[in-house]
Amino acid sequence: MSTYTIGLDYGTESGRAVLVDIKDGTEVSEHVTPYRHGVIDQTLPHSGQKLEAEWALQHPQDYIEVLTTSVPAVLKQSGVKAEDVIGVAIDFTACTMLPVDERGTPLCFNEELKDQPHSWLKLWKHHAAQDEANEINRIAEERGEAFLKRYGGKISSEWMIAKIWQILNEDPAMYERTDLFLEATDWVIAQMTGTILRNSCTAGYKSIWHKQDGYPSEAFFKALDPRLEKLTSTKLRGDIVPLGTKAGGLTEEMAKQMGLMPGTAVAVGNVDAHAAAPGVGVVTPGKLVMAMGTSICHVVLGEKETEVEGMCGVVEDGIIPGYFGYEAGQSAVGDIFAWFVKHGVSSQVESEAAKAQLNIHSYLEEKAAVYNPGETGLLALDWWNGNRSVLVDTELSGVILGLTLHSKPEEIYRALLEATAFGTKKIIDAFNDHGIHIDEVYACGGLPQKNRLLMQIYADVTNIEIKVSAASQTPALGAAMFAAVAAGSSYGGYDSITDAAQAMSRIQEETFKPIQENVAIYKELYEEYSTLHDYFGRGENDVMKRLRRLKAGKASIQTT
Ligand SMILES: Nc1ncnc2c1ncn2[C@@H]1O[C@H](COP(=O)(O)OP(=O)(O)O)[C@@H](O)[C@H]1O
Ligand SMILES: O=C(CO)[C@H](O)[C@H](O)COP(=O)(O)O
């Protein structure tokens, strides 16, 4: 008799469930539930109130709908009986956070508060807390706070403390009404088990928590703002437990709605890219995992805790117990290609793509693949959604250099693909330069399956062979592995994530190998990229920030 677990991957636009045979990791069935409210970045639901620039919210109810729609769907499609499912686990975008009341109910569910923007759940790509992030970094540096080193020297505006401080600054009453600030991944688990537990992965990477040192001191928070002094013992309070821990059993109520057995083991929450590591079988150092989709998250394991410029964080046991997990990333990758496809092509391209029966991405890919590296005469900086690593600055923006009256849409598309590959190379260089050696690269997520040209460019730019996950939903498969660990071997699961990954992960036979002629040309182009990167990104010319301020109608123009 086979035994199964279910992994759910909560992405930016949708949640996907995968039902997995834990003997060998076969994905027996899968189902996607698009979020009914999508990314809320223009107007609030109900009131239609306009949101300010850089806001990105989501509706917590959409996450519950994933559980109650996709889980019954994978059971139905597979014919697997609820009794044979021994565990459930999720992975999530992060830091995706929300304020809840004393009962764990999101404040945006409260009739009185739902028209206040700060009652809503802030998605990872909510970038409106940059002023707060700048202040956190300035004050932490001034005070010589040791934790900064663990985050590559900078705390991001995407993370928990900056987002909380923005709420306090702009809506102190909402801050007061909040009983707890939670990661969405922990909130969804609490809906399944009835118990709120924080996972060490998001606490470590997104909330500045450290296994030995805990959170930063009250003195640090007081220096930020006296009202934040007790934040960690009040609104961030709660037990923090390692990945793979059983958070509890499925409640009667949720079991009914999900079609599973009450008491089914539920693992503590996790993050998408981090769950992807065991999903591709990576449980030892030296192997970079790229979760490639809307954005790219890069994760790698190390034996020691060390400082790497501009990385997102290093967390002990943050990915695989027993190792220091390092994370870096690019805030937009697929999103940049989506922007171009939506706003950058003419109706002629649209009709040619339709005639060829291709979507616009695939049409442009086919045409762009004909070019050799360098042949477009274009070079781009991939900062359409700021720079997450290594500059850690959400105020940076995109550049396309070399445009002429002859530039074609497919050339621009190719330059955008290349720009994101150069961004990844910057991250790999930063790791190698600081003693975290990258010997192998593994890719997963939506992009490797969608765009072969993109993958070849990554191999050529990095000069490293790229192995691709054989799973169609790698983070969800990784989550299904953690579900098997939460169930434990006595219930037919596994005792460790290493055991689960060994049995359940697979990579494709076909890999993307660097083509040496391309490698040589990309080496030259990368040098040009690096010059532009430092010129616009390291303060030599802050024009991007000045443009942003002008756009927001703020401040006088300052010269650098
Ligand atoms: N053929 C393609 N080539 C490149 N990018 C694509 C292609 N098709 C879709 N995309 C981009 O892939 C991203 C979605 O990636 P996916 O991994 O499926 O989702 P998520 O990031 O939400 O987990 C979108 O930003 C979309 O623009
Ligand atoms: O920062 C993250 C993880 O640490 C986010 O979850 C991620 O960038 C969003 O992922 P996706 O591109 O899959 O939507």
Side-chain angles (χ1 to χ4, degrees), residues 9 11-12 91 93-94 124 205 270-302 308 310-313 318-320 325-337 382 385 387-390 416-432 436-478 501 505-508 510-514 522 526:
D9 171 42
T12 301
D91 69 78
T93 65
W124 65 275
Y205 288 104
N270 200 347
V271 178
D272 42 17
H274 303 66
V280 289
V282 168
V283 289
T284 51
K287 300 166 181 172
L288 183 79
V289 179
M290 303 191 291
M292 304 177 75
T294 310
S295 62
I296 297 185
C297 282
H298 305 77
V299 297
V300 61
L301 302 174
V308 179
M311 70 176 162
C312 302
I319 300 171
I320 301 293
Y326 288 80
E327 180 188 353
Q330 289 166 268
S331 304
V333 175
D335 252 2
I336 304 181
F337 315 146
D382 51 313
N385 196 15
N387 176 290
R388 191 188 281 178
S389 304
V390 299
L416 297 177
L417 303 184
E418 290 171 346
T420 66
F422 293 140
T424 281
K425 177 151 169 60
K426 272 269 159 251
I427 288 167
I428 293 178
D429 286 356
F431 277 125
N432 281 326
I436 303 299
H437 293 292
I438 310 286
D439 308 313
E440 294 177 39
V441 175
Y442 292 74
C444 64
L447 293 186
Q449 298 164 30
K450 289 174 180 144
N451 197 318
R452 293 180 61 82
L453 173 63
L454 179 77
M455 299 315 295
Q456 187 58 51
I457 290 173
Y458 273 60
D460 294 341
V461 166
T462 60
N463 197 16
I464 304 178
E465 177 179 6
I466 299 181
K467 301 172 179 132
V468 179
S469 171
S472 68
Q473 304 285 352
T474 311
L477 173 62
S505 66
R506 278 162 299 123
I507 57 161
Q508 287 177 16
E510 188 196 13
T511 62
F512 291 89
K513 297 187 184 61
Y522 278 134
Y526 180 62

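Quick note: residue numbers are just sequence positions, from 1. Computed from heavy atoms alone, side chains included, the values below leave out hydrogens, waters and symmetry copies.
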Suppose we screen for side-chain hydrogen bond (donor to acceptor under 3.5 Å, both in side chains). Which residues come up paired with [X], at least two apart in sequence or across chains?
X: Gln473; answer: Glu30
X: Asp429; answer: Lys425, Tyr526
X: Asn387; answer: none
X: Thr424; answer: His298, Gln330

Only counting residues at least two apart or in another chain, list the ones meeting side-chain contact (heavy atoms from CB on, under 4.5 Å) with [X].
X: Lys287; result: Val282, Thr284, Glu440, Tyr442
X: Ala275; result: Asp91, Asn270
X: Ala471; result: Glu27, Ser469, Thr474, Leu477
X: Ala273; result: Ala291, Cys297, Val299

Nearest 0.5 Å, what's the [atom1]-[atom2] distance between [X] and [Y]?
X: Thr12; Y: Trp124; atom1: OG1; atom2: CH2; value: 5.0 Å
X: Glu510; Y: Met455; atom1: CD; atom2: CE; value: 10.5 Å
X: Thr511; Y: Lys467; atom1: OG1; atom2: NZ; value: 7.5 Å
X: Ile296; Y: Arg388; atom1: CD1; atom2: CZ; value: 10.5 Å
X: Ile457; Y: Leu417; atom1: CD1; atom2: CG; value: 5.0 Å
X: Met311; Y: Ile427; atom1: CE; atom2: CD1; value: 12.0 Å

Audit row: Asn463, Tyr522, side chain to side chain contact (heavy atoms under 4.5 Å, CB included) steps and yes/no: CA-CA 9 Å; Asn463 197 16; Tyr522 278 134; over 6 Å; no

Taking salt bridge (charged side-chain N to carboxylate O under 4.0 Å, His left out) as the definition, give me every residue that meets it alongside [X], ordered by chain and number, with sequence neighbours left out.
X: Glu465; value: none
X: Asp272; value: none
X: Lys426; value: none

Closest approach of [X] and [Y], non-hydrogen atoms and distance?
X: Pro514; Y: Ile464; result: CG-N, 3.6 Å
X: Pro448; Y: Gly445; result: CD-O, 3.3 Å
X: Gly286; Y: Val300; result: N-CG2, 4.2 Å
X: Gly325; Y: Ile319; result: CA-CD1, 3.6 Å
X: Ala430; Y: Val390; result: CB-CG1, 3.7 Å
X: Ala332; Y: Asn385; result: CB-CB, 3.5 Å

Min side-chain heavy-atom separation [X]-[Y] under 4.5 Å:
X: Pro278; Y: Ile320; result: yes
X: Val308; Y: Tyr326; result: yes
X: Phe337; Y: Leu447; result: yes
X: Cys312; Y: Ser389; result: yes

Side chain to side chain contact (heavy atoms under 4.5 Å, CB included) assessment of Met292 paired with Val333: CA-CA 8 Å; Met292 304 177 75; Val333 175; 5.6 Å; no

Pairwise ring pair (Phe, Tyr, Trp, His ring centres under 6.0 Å) hits with a residue in residues 448-467, at least two apart: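 Not a single pair qualifies under ring pair (Phe, Tyr, Trp, His ring centres under 6.0 Å).
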
Leu454/Phe512 under side chain to side chain contact (heavy atoms under 4.5 Å, CB included): CA gap, chis, key distance, verdict: CA-CA 10 Å; Leu454 179 77; Phe512 291 89; over 6 Å; no

